[in-house]
Colleague: 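I have a structure here, written as structure tokens, and I will follow up with some questions on it.
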Amino acid sequence: MSTNTLSAETQIRLLNFFNDRIEPEEMAKTLRQINFTLALGVMSEHESLQYEIAKLRDGLYWLNELAETLNPYLEVE
């Protein structure tokens, strides 16, 4: 797992994006819905594309990680 830090400019741009345009909780909800829809669509259309499964799995994982960062929905209390 990479531990790259974000530049100050990137941090400011992200804060502005979430402060001015969309709530983090709403973005997390949207990411989860998109993630599910993409996975369902790809699996139903391309069941025979085995070489794409690893890329799809990685993409779904990182989208879920981003959603969890924005709104820890799956966190166990």
Side-chain angles (χ1 to χ4, degrees):
M1 185 162 127
S2 179
T3 58
N4 295 339
T5 57
L6 299 174
S7 69
E9 180 183 349
T10 301
Q11 291 177 22
I12 291 169
R13 292 172 89 185
L14 282 170
L15 286 172
N16 289 340
F17 177 81
F18 286 112
N19 288 334
D20 297 341
R21 292 184 180 89
I22 190 168
E23 293 294 322
E25 295 82 9
E26 188 64 28
M27 179 64 136
K29 179 181 175 184
T30 301
L31 284 170
R32 289 183 182 101
Q33 290 173 337
I34 290 169
N35 214 10
F36 175 76
T37 304
L38 285 172
L40 190 60
V42 169
M43 287 187 290
S44 65
E45 280 189 30
H46 304 288
E47 293 174 1
S48 62
L49 296 177
Q50 295 298 316
Y51 62 90
E52 292 292 327
I53 289 176
K55 282 197 252 180
L56 177 62
R57 188 182 318 118
D58 289 345
L60 295 175
Y61 173 81
W62 289 113
L63 277 175
N64 279 332
E65 284 294 306
L66 177 57
E68 282 299 300
T69 300
L70 296 171
N71 180 19
Y73 178 78
L74 300 175
E75 208 173 69
V76 177
E77 293 184 15

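Since this is a predicted model, take the numbers as computed values, not measurements.
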Colleague: Just to verify, what does E23 make a side-chain contact (heavy atoms from CB on, under 4.5 Å) with, not counting sequence neighbours?
Modeller: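 E23 satisfies side-chain contact (heavy atoms from CB on, under 4.5 Å) with E25, E26 only.
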Colleague: Can you name the residues that form a side-chain contact (heavy atoms from CB on, under 4.5 Å) with T10, not counting sequence neighbours?
Modeller: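 Testing T10 for side-chain contact (heavy atoms from CB on, under 4.5 Å), a comparison that skips the adjacent residues, returns L6, S7, L14.
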Colleague: Transitive ILVMFWY cluster of L38 at side-chain heavy atoms under 4.5 Å: who else is in it?
Modeller: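 Direct or chained contacts put L38 with I34.
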Colleague: Name all residues meeting the side-chain contact (heavy atoms from CB on, under 4.5 Å) criterion together with I12; count only those two or more places apart in sequence or in a different chain, and write none if there are none.
Modeller: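 With neighbours one apart ignored, the set is N16.
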Colleague: Just jot down the side-chain contact (heavy atoms from CB on, under 4.5 Å) partners of L31, sequence neighbours excluded, or say none.
Modeller: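 L31 satisfies side-chain contact (heavy atoms from CB on, under 4.5 Å) with M27, L63, L66, A67, L70 once adjacent residues are dropped.
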Colleague: What distance do R32 atom CZ and K29 atom NZ have between them, rounded to the nearest 0.5 Å?
Modeller: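 Here the interatomic distance stands at 11.0 Å.
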